[in-house]
Trainee: 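Encoded as structure tokens, here's the structure I'll be asking about.
Lettering follows sequence order; numbering is per chain, from 1.
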Amino acid sequence: MEYNFREIEKKWQQHWQQTQAYKVSNTSHKPKFYVLDMFPYPSGAGLHVGHPLGYIASDIFARYKRLKGFNVLHPMGYDAFGLPAEQYALEHGVHPSVSTEQNINNFRKQLDNIGFSYDWSREVITSEPAYYKWTQWIFLQLFKSFYNRTLNKAQSIDVLVNDFVQNGNINHPIPDENFVIPETGKNQFSAAEWAQFSDHTRELILLEYRLAFCGYGEVNWCEALGTVLANDEVVNGVSERGGHPVVKKKLRQWYLRITEYADRLLEGLETVDFSDAMKDMQSNWIGKSTGAEVQFAIEGSSRSITVYTTRPDTIFGVDFIVLAPEHEWLPEIVTNAQNDAVIQYIDYVKSRSERERIAEKKISGVFTGSYALHPFTGKKIPIWISEYVLAGYGTGAIMAVPSGDERDHRFAKHFNIPITNIFGEAYTGEEAVTTKEAVLHNSDFLTGLNVNAAANAVIERLLAKGRGKKKTNFKIRDAAFSRQRYWGEPFPIQWKNDIPYPLSEAQLPLKLPYVESYKPGPEGDGPLANIEAWTENNYETNTMPGYAGSSWYFLRFMDPHNTQAFCSQQASAYWNQVDIYIGGTEHAVGHLLYSRMWTKFLFDRGWIGHDEPFKKLVNQGMIQGSSRFVYRIHGTNTFVSHGLKDKYTTNTLHVDVNIVDGVELDITLFKTWKNAEFADAQFILENGKYICGTEVEKMSKSKFNTINPDQLVEKYGADTFRMYEMFLGPIEQSKPWDTKGIEGVHRFLKKLWRLFYGESGLIVTDDEPTADEWKALHKTIKKVEEDTERFSFNTAVSAFMVCVNELTDMQCHKKAILQPLLILLTPFAPHLAEELWKALGNAGSILDAPYPAFDEKYLIESSKSYPVSINGKLRTTMLLPLNATQTEVEAEVLKNEVVQKWMEDKPLKKFIFVKGKMINLVI
RNA sequence: GCGGAUGUGGCGAAAUUGGUAGACGCACUAGACUUAGGAUCUAGCGCCGCGAGGCAUGGGGGUUCGAGUCCCUCCAUCCGCACCA
């Protein structure tokens, strides 16, 4: 009987669906385990072989944990709101809800092919009102909360208002130090003042505290996409999606006050099991630094400039001060003589795109004409402006120490500003001294001190003089939370007199209205601004960004049909953290950071009991495409083989990898490819073949290098496909896809099948296994279990292959061996395992069979083979009785001919036993 | 520039704590069975050497009886951040 995988897989997939085999309950006597994939955005391109890599790994692990006796939550859903669906709608006139549904159906069909054990009864789709009702609800809670810096947690805004009524804002200063209350011109108020404020003023003040708030700010505006983007959605000055130019623009936007959580997001990293690379990426993004703020008086002015520095110890090396070109006091500082030059420079800076700035890194700047005074020496310090100082970080002003900072050094050299040396001989005049080991010279009361001691001393003196203080800074900015788009969650917000007011919970969900046109509204507003019924109600016309729905979906899976809450307390208490979260590294600073923040917020407010969403994160590597190229001689229809192309002027074209065998082009298929666009093509061959060029690139439709899993499943079966994806290599590693080796895995499954079935039918016996057969089995149990636990699926698959090879050699068809092996194999090849389990006459499903227990006793051997090395180099191998004592073994070894030959007459210095199984002689 | 990772046969890769480097698979070679095979099976397969043996884990150095693994140093590739004071 043949291994008919198509029939088998179809049969069991149907069976599992009918019996709801993967449905999981929120009540169980078993311990829980939560295995989660990063849910996909259902794009129109469908799945390629890269997508299922992580899904297969998580499915194997989920099935393994289930066999091990856990109640396993393993859900799947769709992150369905987002830009591409809307772009598609603009181009093709298809409503996003329609194309999204189509794409989801397509994804589902493709996923089902592979035999995943998802509990589809828990499916969530972020674009459905039943789901986004709760996204809106959580947003409302963020809006109605503030961050209590004393308690270091979020609380209801009512708590804050009560405190204002009693104490004014003395306990809770306004986070933005520059904010001034219009009625008083101050940023502090008493209880009495609070009582006097108008509602309008009160709301304006509260907006300064809310964790979701609306404000004007510099945003990343992408004209092509017609929307703003979060910092993590902008890469190298262009949009992550589409690569369109991005400019800075001042707009009214919604923000999440993620900066309040910066410290906790950093500390939380110590409690989770993420890779170092991932933790580093996150902590770099958060970008905590400690240093000091120092005030420099301006000569001839009552003002002083505050700078931020991480190296207060170098204060005696300050040779100039640099302000960001956008610095707000610039007009007061610039002298008449320098006014034109400064205006010119600011125009120049404005003319430069983000991209140019990043690419060129030119040294540029201009003197303002004013001088600051050194807080200790009173020395006159020129004040410059330059684009290398960023308005958005620190105070937008720095004290430049050329001898201690490379950028300041280059700037000083470029503009011939005299450099003060505070590092003695360590500073050569060529390069700044940036090591923290340096000892200070020429620095008044700091001379002779090291970095730390000096920094503390400086801060102490500054404090005493009232000219500075210790200060912590973060790179992370509050997250832009609005998009001028249609296909996203509407904000549950109504505007009155320029103040946003929350809808009541009873009004949720605020449903996304149907629109005919997705064109942007006026003044950079979203398409919703074109709908009268919407604007009549003064609803917010922006929608939430893509990451809103994905910031909490892992909680919804716990209790997906709850209409009273986003997730019941019992459900979140039971499932708690996601035990294993699998996905790509591309979400390191976006999704993962936002999810962590939302979780901490929901924890603070008492709705869930844990404050880190993901206990362990596994990053699967990207599967790249291996592209193939053909070379058309310029202006002709003749294609020249790769090896000969340099003799001609050619254009390089991507060619579909599916019509290339290795690197050899199938010319017949090529002529029919793309509706026979190249039917009349001529070829210049080498050795009778057309050889293609190759390159490893991202897998994408436009590069014709995608491999569709459906075709592979059709040809080899889901079980082969699953095992092959795992066999490719370590899960975290990126690698180009190569279909070649799949035959080997398929052969393995056929070989396994033949252990059960001969030509005439089932050949499994009830005979008692031999010692070698037991050993083959238990070796595999041990290896597969260990490998699964450490997510090393490629080596686990290899272990199966070794086992089946050995059993085949021994012609072992014994149930006592084969049945446990099947259970081991279930997570990897569930269809085949279930089929053979039934064939062996077992009742019930193999999905719930008990995982076989490893027993050491089967691995113990009767005699031992000792590798014998001399001075660490293997010389011979000796078979010695197991029960021999060390002394007896030593005597035997010394009698050995090979050993004697190598020892000759040299004296034996040492006799080393390694782990009782290896011998080394030192001579 | 900073941070992280990786480097082992023709290829994908193993080697979990320093202990027989190259398991397993692909490709390749020879053979068997076949009308045939892109089916199956057997054997071989790091390099040099007839052999004994020697040399091999990016290069160089070190620690050790023994190093792919630990330390120093240099090189290459990939990823992330990028004027963050």
Trainee: Over how many whole Å does the gap from A/D276 atom CG to B/G3 atom P extend?
Mentor: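 Distance, rounded to whole Å: 14 Å.
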Trainee: Step through it carefully: locate the ring centre of A/F800, locate the ring centre of A/F828, and say whether they are under 6.0 Å apart.
Mentor: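 Distance test on ring centres: under 6.0 Å, yes.
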Trainee: Would you say the rings of A/Y427 and A/H409 are close, in the sense that their centroids are separated by under 6.0 Å?
Mentor: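 That pair passes the under 6.0 Å test.
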Trainee: When all nucleic acid strands are considered with a 4.0 Å heavy-atom cut-off, which category describes A/N794: base, sugar-phosphate, or nothing?
Mentor: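 Sugar-phosphate contact only.
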Trainee: Please state the C1' separation for the pair B/A23 and B/U57 - nearest whole angstrom.
Mentor: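 Here B/A23 and B/U57 have their C1' atoms 15 Å from each other.
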Trainee: Tell me the interatomic distance from A/N920, atom CG, to B/G66, atom P, rounded to whole angstroms.
Mentor: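 Atom-to-atom, A/N920 to B/G66, this comes out as 9 Å.
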Trainee: Check the phosphate of B/C55 against A/K873, side-chain N and O only, distance under 4.0 Å to OP1 or OP2. Yes or no?
Mentor: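 For A/K873, the contact criterion (side-chain N or O under 4.0 Å from OP1 or OP2 of B/C55) is met.
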Trainee: Taking the minimum atom-to-atom distance to the side chain of A/I912, which one of B/A15, B/U40, B/C65 wins?
Mentor: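 Minimum distance to the A/I912 side chain belongs to B/C65.
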Trainee: When you compare B/G61 with B/G80, how far apart are their C1' atoms, in angstrom units rounded to a whole number?
Mentor: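 These two C1' atoms come out 32 Å apart once rounded.
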Trainee: With sequence neighbours excluded, tell me which residues meet side-chain hydrogen bond (donor to acceptor under 3.5 Å, both in side chains) with A/E326.
Mentor: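 So A/E326 forms no side-chain hydrogen bond (donor to acceptor under 3.5 Å, both in side chains) with any residue.
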Trainee: Which nucleotide in the list B/U16, B/G19, B/G38 gets nearest to the side chain of A/K783?
Mentor: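 Nearest to the side chain of A/K783 among the choices is B/U16.
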Trainee: Could you check how far CG of A/N619 sits from P of B/A5, rounded to whole Å?
Mentor: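 Computing the A/N619:CG to B/A5:P distance gives 13 Å.
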Trainee: Closest nucleotide of RNA chain B for A/A277 versus for A/S869: which of these residues is on the 5' side?
Mentor: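 The residue closer to the strand's 5' end, by nearest nucleotide, is A/A277.
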Trainee: Centre-to-centre under 6.0 Å for A/Y3 and A/Y757, is that the case here?
Mentor: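 No - the distance between ring centres of A/Y3 and A/Y757 does not fall below the 6.0 Å cut-off.
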Trainee: Taking the minimum atom-to-atom distance to the side chain of A/V922, which one of B/C65, B/A23, B/A39 wins?
Mentor: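 Of the candidates, B/C65 comes closest.
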Trainee: Given B/C83, B/G25, B/G38, which nucleotide is nearest the side-chain atoms of A/Y388?
Mentor: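 It is B/C83.
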Trainee: For nucleotides B/C65 and B/G3, find the distance between their C1' atoms and express it as a whole number of Å.
Mentor: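 Looking at atom C1' only, B/C65 and B/G3 are 39 Å apart.
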Trainee: How would you label the contact of A/N871 with the nucleic acid (heavy atoms, under 4.0 Å): base, sugar-phosphate, or nothing?
Mentor: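 Sugar-phosphate, backbone atoms only, no base.
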Trainee: When rounded to the nearest Å, what value does the distance between P atoms of B/C24 and B/C41 take?
Mentor: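 B/C24 and B/C41 have their P atoms separated by 15 Å.
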Trainee: For B/G25, decide between syn and anti, treating a glycosidic angle within 90° of 0 as syn.
Mentor: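 You should classify B/G25 as anti.
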Trainee: Hey, is A/K779 close enough to A/E806 for a salt bridge, meaning N to O under 4.0 Å?
Mentor: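 Salt bridge present between A/K779 and A/E806.
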Trainee: For B/U40, take OP1 and OP2 only and decide whether either is under 4.0 Å from a side-chain N or O of A/K750.
Mentor: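 True: A/K750 side-chain N/O within range (under 4.0 Å) of B/U40 OP1/OP2.
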Trainee: Check every atom of B/C65, B/A15, B/C83 against the side chain of A/T795 and return the nucleotide holding the closest atom.
Mentor: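 Of all the options, the side chain of A/T795 is nearest to B/A15.
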Trainee: Taking atom P in both B/C26 and B/G44, what distance in whole Å separates the two?
Mentor: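 That atom pair is separated by 16 Å.
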Trainee: Counting only side-chain nitrogens and oxygens, does A/R747 get under 4.0 Å of the OP1 or OP2 atom of B/U40?
Mentor: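 For B/U40, OP1/OP2 do have a side-chain N/O of A/R747 under 4.0 Å.
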Trainee: Do A/E293 and A/K470 meet the salt-bridge criterion of a basic N to acidic O distance under 4.0 Å?
Mentor: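 No, this pair does not count.
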Trainee: Expressed as a whole number of Å, how far does the C1' atom of B/A27 sit from that of B/G38?
Mentor: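 To the nearest whole Å, 14 Å.
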Trainee: Between B/C65, B/A85, B/C26, which one does the side chain of A/K740 approach most closely?
Mentor: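 It is B/C26.
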Trainee: If you pin A/D787 and A/L728 to their nearest nucleotides in RNA chain B, which one's is more 5'?
Mentor: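 Upstream on the strand: A/L728.
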Trainee: If pairing requires Watson-Crick or G-U wobble contacts with both distances under 3.5 Å, which nucleotide is the partner of B/G31?
Mentor: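 For B/G31, the partner nucleotide comes out as B/C41, under the 3.5 Å rule.
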Trainee: Please pick, from B/G19, B/A85, B/C24, the nucleotide with the shortest atom-to-atom distance to any side-chain atom of A/M801.
Mentor: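 Side chain of A/M801 sits closest to B/C24.
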Trainee: When you measure from every atom of RNA chain B, which of residues 309-317 of chain A have a heavy atom less than 4.0 Å away?
Mentor: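 By residue number: A/T309, A/T310, A/R311.
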Trainee: What is the distance, to the nearest angstrom, from the CG atom on A/L390 to the C1' atom on B/A82?
Mentor: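 For the pair A/L390 CG and B/A82 C1', the rounded distance is 11 Å.
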Trainee: Closest to the A/D280 side chain: B/G3, B/G19, B/A14?
Mentor: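 Of all the options, the side chain of A/D280 is nearest to B/G3.
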Trainee: I need the NZ-P distance between A/K735 and B/A13, as an integer number of Å.
Mentor: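 My rounded result for the distance is 7 Å.
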Trainee: For nucleotides B/U42 and B/C47, find the distance between their C1' atoms and express it as a whole number of Å.
Mentor: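 The answer is 26 Å between these two C1' atoms.
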Trainee: Starting at CZ of A/F274 and ending at P of B/A5, how long is that distance when rounded to a whole Å?
Mentor: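 Rounding to the nearest Å, CZ of A/F274 and P of B/A5 are 17 Å apart.
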Trainee: Any chance NZ of A/K413 has more than 12 other-residue heavy atoms, nucleotides or ligands included, within less than 6.0 Å?
Mentor: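 Enclosed: over 12 neighbouring heavy atoms sit under 6.0 Å from NZ of A/K413.
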Trainee: Please confirm whether the shortest side-chain N or O distance from A/Q733 to OP1 or OP2 of B/A5 is below 4.0 Å.
Mentor: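 Indeed not, no polar side-chain atom of A/Q733 lies that close.
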Trainee: Rounding to an integer number of Å, can you tell me how far A/H587 NE2 sits from B/G80 P?
Mentor: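 Whole-Å distance recorded here is 13 Å.
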Trainee: For the residue pair A/T585 / A/N619, report whether a side-chain donor-acceptor contact shorter than 3.5 Å exists.
Mentor: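 Side chains of A/N619 and A/T585: no pair found under 3.5 Å.
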Trainee: Under a 3.5 Å limit for both distances, which nucleotide forms a Watson-Crick or G-U wobble pair with B/U6, could you say?
Mentor: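 In the structure as shown, B/U6 has B/A76 as its Watson-Crick or wobble partner.
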Trainee: Could you check how far CG of A/N805 sits from C1' of B/A43, rounded to whole Å?
Mentor: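 Computing the A/N805:CG to B/A43:C1' distance gives 15 Å.
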Trainee: Contact class for A/V322 (heavy atom, under 4.0 Å): base, sugar-phosphate, or nothing?
Mentor: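 Contact class for A/V322: none.
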Trainee: Assess the side chains of A/T739 and A/Y724: does a donor N or O sit below 3.5 Å from an acceptor N or O?
Mentor: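 No, no side-chain donor-acceptor pair sits under 3.5 Å.
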Trainee: Side chain of A/R410 only, heavy atoms from C-beta on: which candidate in B/A13, B/A39, B/C83 is closest?
Mentor: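 The nucleotide sitting nearest to the side chain is B/C83.
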Trainee: Which whole number of Å gives the distance between the P atom of B/U35 and that of B/G51?
Mentor: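 Pairwise P distance, B/U35 against B/G51, rounds to 39 Å.
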Trainee: Determine the contact category for A/R477: base if any of its heavy atoms lies under 4.0 Å from a base atom, sugar-phosphate if only primed atoms, P, OP1 or OP2 are that close, otherwise nothing.
Mentor: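 Contact class for A/R477: none.
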Trainee: Under 4.0 angstrom, heavy atoms only, what part of the nucleic acid is A/S289 near: base, sugar-phosphate, or nothing?
Mentor: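 Result for A/S289 = sugar-phosphate.
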Trainee: Quick one: which of B/U16, B/G25, B/A85 gets closest to the side chain of A/D405?
Mentor: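 Looking only at heavy atoms from C-beta outward on A/D405, the closest nucleotide is B/A85.
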Trainee: Using a 3.5 Å distance criterion without hydrogens, assess whether the side chain of A/R628 forms a donor-acceptor pair with backbone atoms of A/N705.
Mentor: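 No; judged by distance alone, with no hydrogens or angles, the pair does not exist.
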Trainee: Count the heavy atoms belonging to other residues, nucleotides or ligands that lie under 6.0 Å from CD of A/E697, then report whether that count exceeds 12.
Mentor: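 Counting neighbours around CD of A/E697, more than 12 heavy atoms of other residues, nucleotides or ligands fall under 6.0 Å, so yes.
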Trainee: Across all strands shown, which nucleotide pairs with B/C81 by Watson-Crick or G-U wobble geometry, both distances under 3.5 Å?
Mentor: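 Answer to the pairing question: B/G1, which forms a Watson-Crick or G-U pair with B/C81.
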